[in-house]
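First comes the structure, then the notes that go with it.
By convention in this document, chain letters (A, B, ...) are assigned in the order of the sequence lines, proteins followed by strands, and residues within each chain are numbered from 1.
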Amino acid sequence: GAVVSQHPSWVICKSGTSVKIECRSLDFQATTMFWYRQFPKQSLMLMATSNEGSKATYEQGVEKDKFLINHASLTLSTLTVTSAHPEDSSFYICSARDSGRAGSTGELFFGEGSRLTVL
Amino acid sequence: AQSVTQLGSHVSVSEGALVLLRCNYSSSVPPYLFWYVQYPNQGLQLLLKYTSAATLVKGINGFEAEFKKSETSFHLTKPSAHMSDAAEYFCAVSDASAGTASKLTFGTGTRLQVTL
């Protein structure tokens with residue numbers, strides 16, 4: 001199946017610093033990627049939809065200046081958590097759909113997730 | 001708007017017993033439905049999906065689910081549980097008519113525990 005890779009898997013940073021998380025589709029092109037946030041023992045909450053070559057679409061309640069998303073190529077989207085605070089600590093997961101497949105049925109391929117801990 | 005309800009945040013079964021994880025959906029448009037599995041500190045892996053073809057869907061690892069429109073349900077089953085099935089399971093729904101960029105809405109998840 002298609003592979004989506006996230007980096008880093010784990011990151012610990014100090015409060016006030018910025019952290020960048022990368023999401024790559026390794027064997028397919030993805031015009032659209034999605035970023036989710038997952039709190040411990042809870043479900044995935046969609047943060048934003050990342051569109052290649054255009055601005056991301058953020059879900060209600062998600063601060064776009066806090067969570068910067070860049071989708072500069074068909075295989076890479078990045079999420080930057082700016083001026084991170086302890087409450088930003090979470091598990092961040094990206095997903096992507098193979099743009100080359102005709103008749104998409106809505107299946108997404110997920111990355112392994114990135115655990116952010118802000119001290 | 002679409003939503004998914006997973007009844008039971010925690011299910012425990014004995015090894016070899018039937019697994020039944022419940023999922024009910026709400027959607028004003030024809031849905032696509034999915035079951036994903038998540039192991040600790042990992043992303044999600046697709047188990048199976050319903051995309052308006054056969055209502056009984058077979059997935060990986062011996063799992064299957066049946067789409068019942070009259071009951072707005074998409075319950076996940078496996079005849080015989082294995083220790084390796086212990087994980088978090090998520091049911092999700094998307095809008096079948098929304099095209100290639102449709103978003104997934106997830107349920108709150110069910111943690112499956114398998115005991116000896």
Side-chain angles (χ1 to χ4, degrees), chain A residues 1-7 9-10 21 23 29-52 54 56-60 71 90-117, chain B residues 1-6 8-10 23 25 27 29-54 57 59-60 67 74 87-113:
Chain A
V3 177
V4 175
S5 177
Q6 279 185 244
H7 177 80
S9 301
W10 297 81
I21 300 171
C23 177
Q29 295 182 331
T31 56
T32 302
M33 292 184 175
F34 301 91
W35 285 96
Y36 292 85
R37 183 174 182 177
Q38 185 180 31
F39 291 101
K41 300 183 180 181
Q42 295 188 28
S43 187
L44 282 74
M45 301 299 296
L46 180 65
M47 298 175 65
T49 302
S50 170
N51 302 297
E52 188 269 335
S54 64
T57 302
Y58 290 81
E59 295 299 302
Q60 189 174 11
H71 195 155
S90 191
F91 195 53
Y92 293 89
I93 304 176
C94 73
S95 64
R97 180 175 290 107
D98 187 344
S99 305
R101 296 188 180 192
S104 170
T105 57
E107 178 182 352
L108 296 176
F109 299 99
F110 285 80
E112 316 96 319
S114 299
R115 183 164 300 283
L116 169 64
T117 300
Chain B
Q2 297 179 304
S3 66
V4 168
T5 301
Q6 291 183 241
S9 60
H10 184 263
C23 172
Y25 71 91
S27 179
V29 297
Y32 287 156
L33 292 159
F34 307 82
W35 275 100
Y36 287 88
V37 61
Q38 183 182 34
Y39 296 99
N41 294 312
Q42 295 187 27
L44 276 66
Q45 180 182 8
L46 181 67
L47 280 177
L48 48 80
K49 60 184 178 183
Y50 165 76
T51 56
S52 70
V57 181
I60 61 173
F67 173 71
F74 190 58
E88 188 85 19
Y89 291 81
F90 292 97
C91 182
V93 61
S94 71
D95 181 355
S97 64
T100 59
S102 57
K103 301 180 292 187
L104 283 179
T105 299
F106 287 88
T108 50
T110 298
R111 181 166 297 277
L112 176 64
Q113 181 182 18

Practice prompt. Please determine, among Q42(A), Q38(A), M45(A), the option with the most heavy-atom pairs under 4.5 Å with chain B.
Written response: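 It is Q38(A).
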
Worksheet item: Mind checking whether M47(A) and Y92(A) have side chains closer than 4.5 Å, heavy atoms only?
Response: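 The answer is yes; the side chains approach within 4.5 Å.
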
Discussion item. Which label fits Y36(A) and F34(A): parallel for a plane angle under 30°, tilted from 30 to 60°, or perpendicular past 60°?
Written reply: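 If you compare the ring of Y36(A) with that of F34(A), the planes turn out tilted.
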
Worksheet item: Which bit of L46(A) is near chain B, if near means a heavy-atom gap under 4.5 Å: side chain, backbone, both or neither?
Response: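 Just its side chain gets close to chain B.
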
Practice prompt. State whether a side-chain donor-acceptor pair under 3.5 Å links Q2(B) with S27(B).
Written response: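 There is such a pair between these side chains.
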
Discussion item. I'd like to know which of A92(B), S9(B), G107(B) tops the heavy-atom pair count under 4.5 Å against chain A.
Written reply: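 When all of A92(B), S9(B), G107(B) are compared, G107(B) has the most.
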
Worksheet item: Non-hydrogen atoms of chain A under 4.5 Å away: do they reach the side chain of E88(B), the backbone, both or neither?
Response: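 No part of E88(B) comes within 4.5 Å of chain A.
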
Discussion item. What part of F106(B) gets within 4.5 angstrom of chain A, counting heavy atoms only: side chain, backbone, both, or neither?
Written reply: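 For F106(B), the contact with chain A is made by backbone and side chain together.
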
Worksheet entry | Pairwise distance CZ(R37(A)) to CG(L116(A)) - rounded to 0.5 angstrom |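 Spacing of CZ (R37(A)) from CG (L116(A)) equals 8.5 Å.
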
Worksheet entry | Candidates Y32(B), W35(B), Y50(B) - the one meeting ring pair (Phe, Tyr, Trp, His ring centres under 6.0 Å) with F67(B) |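 Testing F67(B) for a ring pair (Phe, Tyr, Trp, His ring centres under 6.0 Å) against Y32(B), W35(B), Y50(B) leaves exactly one candidate, Y50(B).
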
